[in-house]
Amino acid sequence: MTSDDKAQIGAAEAARDFIREIVAADLAAGRAKEVVTRFPPEPNGYLHIGHAKSICLNFGLAQEFGGRCNLRFDDTNPAKEEQEFIDAIERDVTWLGFKWSGEVKYASDYFDRLYGWAVELIKKELAYVDDQSAEEMRLNRGTLTEPGKNSRFRDRSVEENLALFAAMKDGKFAAGKCALRAKIDMASGNINLRDPVLYRIVEASHPRTGTAWKIYPSYDFAHGQSDAIEGITHSICTLEFEDHRPLYDWFIANLSVPSKPHQYEMARLNLTHTLLSKRVLTGLVRGGHVGGWDDPRMPTIAGYRRRGVPPEAIRDFIKRIGVAKANSQVDLGALDFSVREALNKTAWRRMAVLKPIKVVIENYPEGQIEELEAVNHPDDEAAGSRKIKFTRELYIERDDFMEVPEKKFFRMAPGREVRLRYAYFVTCKDVVKNAAGEVTELRCTYDPASKGGNSPDGRKVKATIHWVSAAHSIPAEVRLYNPLFNDPNPSADPEAFASQINPQSLEVLTDARLEPSLAEAKLGVPVQFERQGYFCLDRDSGYAKLVFNRTIGLRDTYAKDVAKDKAAG
RNA sequence: UGGGGGAUCGUCCAAUGGUAGGACUCCAGACUCUGACUCUGGCUAUCUAGGUUCGAAUCCUAGUCCCCCAGCCA
């Protein structure tokens, strides 16, 4: 297959969005021979679901059109960047299922060439060293409605600028003493064109270049030229960079760069009940509001991974929400849907009682143990089955019993017959209470003829509930997660966001009882606790202690109904 | 008030002058040894006002509302 064929197939299969339209048109018109994209994170934090949108787009474009995609770290500000973040980002991109072209790239790989281009601009009288303080520069930049004023250092000679810039590079000046600026137009309506800073002095150790450099290129000066070096054809970023595009193009037009990339902008992802700014996420971690960057409540890729969200669910979600230029806020429920859909297909089923209450089958012989057959996956025969032990004393879910059942409650209640999944029909005969009047035990009888879960007389029950054998079940801690913010549209305000954190975002259940096969649960392998949701083993599990995370609950129309009735009064 | 963008079901995305469509949500029902899954059906939208046209979400004019920009952050 030729690359042309691949490109055509890619174009045909691709979900159509304005970026893919542009790429397809450029390929068709021969403006680009192949598509080359890049995912360019700054290693100053962990990747989150918003980055996943950019990752899926950039790597997806390369896959669909038979091109390639680079992973490039935009490491131009050593004051904020760390090796830990570089490592985490590589891990997360890989986990999401993407492979970058060749070696990992770094803007810092290009520091020498970038420096050379800065010299080129000075020689063309298109850049100058400005001795104004940051404060002075700000004052002279003007405002949104008033033009700025030229710096009094703007007309220095080429020789003087060259000497000064070299001195900056050699560490002759303290941070803030001066900066290299492009000479464009202090009166431009676009503030990015009012002599933007190209290089500044930074006194910090860089994770890769150490202290070799005293000066660092700004984002604007580094990004487009890095794209040009790598032969990027379509440089995709978010909307807030739209008015940087004229500057991006200005550098490409005025510098002897090896290729001419173009920048395109799309809306970033916003999710209800979620804050995705790096500042907020860093604040959540550093402020101790969560357990770390991979806390299962975090919207980070690492957080979703630990929570049990499979990478295909994230990819599916991103595909569903599309790409456009309109600011929007996607309902968290859409992510939930993708997660459930992915998990339903693959997760094996198990029985686990989260909040146990004891059940004694009075007419079942003491000491008797029966092995019953239970399937691993209802829609996948190849998944096989396992044996579960039935005994006289069991645990069922406390929520599956109501002493005084409301009209829509189908589960266990005094005098009512229900099915224990894969086992027998049982009827609740009596309720045992403690001194405080709380129900502590249910006394039931079973119908021996209903073994396996069906009664030969064709009798029906309205509910099937899960259970475990008291003696054979194993204890575990189960962690339930709720949104970090109850407000669907939380404020990212530094003061406000911490106070909006949902105090019930983490709920720990310490006396869950699991069917014994769950002792073999593996990290990273999802499992469905029947009628409850999808769960996964947490890395906090140890030799003597099992810890499970609830990735997401099953849809629960009964609970929703009850809540609705309550709201209606 | 300068510059740059954007407005379509509750939400997200399509429709590129020719039947406003899909997904999520929601509602009603079927099925069910998971109140899950699956299946069936349904509700709901073109920011406003003019204009061009046989025909406008799309083109034109004038408005309205929303977002971004005044770091030596990215």
Side-chain angles (χ1 to χ4, degrees), chain A residues 15-17 21 40-42 44 74-77 79-81 130 132-134 137-139 141-148 175-181 187-194 196-202 215-216 218-220 222-223 237-246 265 267 269 272 278 317 319-338 340-341 344-345 349 351 374-375 378-379 408-411 419-423 425 452-454 460-466 528-533 553-561:
Chain A
R16 283 280 110 137
D17 55 62
E21 295 285 355
E42 184 190 14
N44 65 345
D74 225 331
D75 55 347
T76 56
N77 183 5
K80 292 185 172 176
E81 297 152 7
D130 194 349
Q132 291 184 107
S133 66
M137 230 188 253
R138 184 174 63 75
L139 260 19
R141 188 151 26 230
T143 67
L144 293 179
T145 53
E146 300 159 50
K177 180 71 182 60
C178 51
L180 184 73
R181 291 228 262 171
S188 173
N190 182 346
I191 291 172
N192 294 295
L193 262 20
R194 317 242 266 229
V197 168
L198 271 30
Y199 267 91
R200 74 282 204 198
I201 298 163
V202 179
I215 57 173
Y216 290 87
S218 61
Y219 162 84
D220 286 304
H223 205 96
C237 60
T238 42
L239 253 25
E240 65 268 30
F241 291 100
E242 256 172 335
D243 46 18
H244 289 239
R245 183 164 14 103
E265 309 86 13
L269 171 66
T272 58
K278 199 105 66 167
F317 167 68
K319 185 190 288 179
R320 283 168 184 276
I321 62 173
V323 179
K325 292 195 75 159
N327 293 112
S328 61
Q329 191 175 35
V330 177
D331 194 310
L332 229 205
L335 210 208
D336 292 346
F337 176 84
S338 291
R340 288 194 186 100
E341 188 179 56
N344 179 45
K345 282 186 207 144
R349 271 92 265 222
M351 293 205 282
V375 303
D379 308 320
K408 290 173 181 167
F409 187 84
F410 303 151
R411 284 105 96 152
R419 171 166 41 229
L420 294 179
R421 189 146 160 88
Y422 298 121
F425 282 11
N454 287 300
K460 300 284 184 209
V461 288
K462 290 202 87 171
T464 299
I465 63 177
H466 59 279
Q528 183 193 100
F529 289 178
E530 294 213 54
R531 302 207 308 127
Q532 307 268 11
L554 254 28
R555 280 184 73 217
D556 189 346
T557 48
Y558 167 69
K560 197 179 295 176
D561 230 36

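A:Asp561 meets the side chain to side chain donor-acceptor pair (under 3.5 Å) test with A:Lys408; sequence neighbours excluded. Not a single side chain to side chain contact (heavy atoms under 4.5 Å, CB included) links A:Ala326 to another residue, sequence neighbours left out. Every ring pair (Phe, Tyr, Trp, His ring centres under 6.0 Å) that A:Tyr219 has, sequence neighbours left out, goes to A:His223, A:Phe241. In this structure A:Glu341 satisfies the side chain to side chain contact (heavy atoms under 4.5 Å, CB included) test together with A:Asp316, A:Arg320, A:Phe337, A:Lys345, sequence neighbours excluded. Listed by chain and number, the residues in a side chain to side chain donor-acceptor pair (under 3.5 Å) with A:Gln132 are A:Asp130, A:Asn140, A:Ser151 (sequence neighbours excluded). Remark: A:Lys325 pairs with A:Glu242 by the side chain to side chain donor-acceptor pair (under 3.5 Å) rule, at least two apart or across chains. Partners of A:Thr272 under the side chain to side chain contact (heavy atoms under 4.5 Å, CB included) rule, at least two apart in sequence or in another chain, are A:Gln329, A:Asp331, A:Leu332, A:Pro488. For A:Ala334, the side chain to side chain contact (heavy atoms under 4.5 Å, CB included) partners are A:Phe317, A:Val330, not counting sequence neighbours.
Counting atom types as modelled, A:Gln532 pairs no side-chain N or O with a base atom of B:U34 as donor and acceptor under 3.5 Å.
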Between the protein and nucleotides 19-25 of chain B, which nitrogen or oxygen pairs come in under 3.5 angstrom?
from	atom 1	to	atom 2	distance (Å)
B:A23	O2'	A:Arg320	NH1	2.7

Table of protein N/O atoms under 3.5 Å from nucleotides 15-17 of chain B N/O atoms:
from	atom 1	to	atom 2	distance (Å)
B:U16	O4	A:Glu21	OE2	2.9

Q. How does each nucleotide of nucleotides 65-74 of chain B score, in 5' to 3' order, for protein heavy atoms under 4.0 Å: base (B), sugar-phosphate only (S), or none (-)?
A. --SBBBSBSB

Q | Protein proximity profile, nucleotides 39-46 of chain B - base contact B, sugar-phosphate-only contact S, no contact -, cut-off 4.0 Å on heavy atoms | A | --------

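Computed from coordinates, the A:Glu530 CD to B:C37 P distance equals 14 Å when rounded to whole Å.
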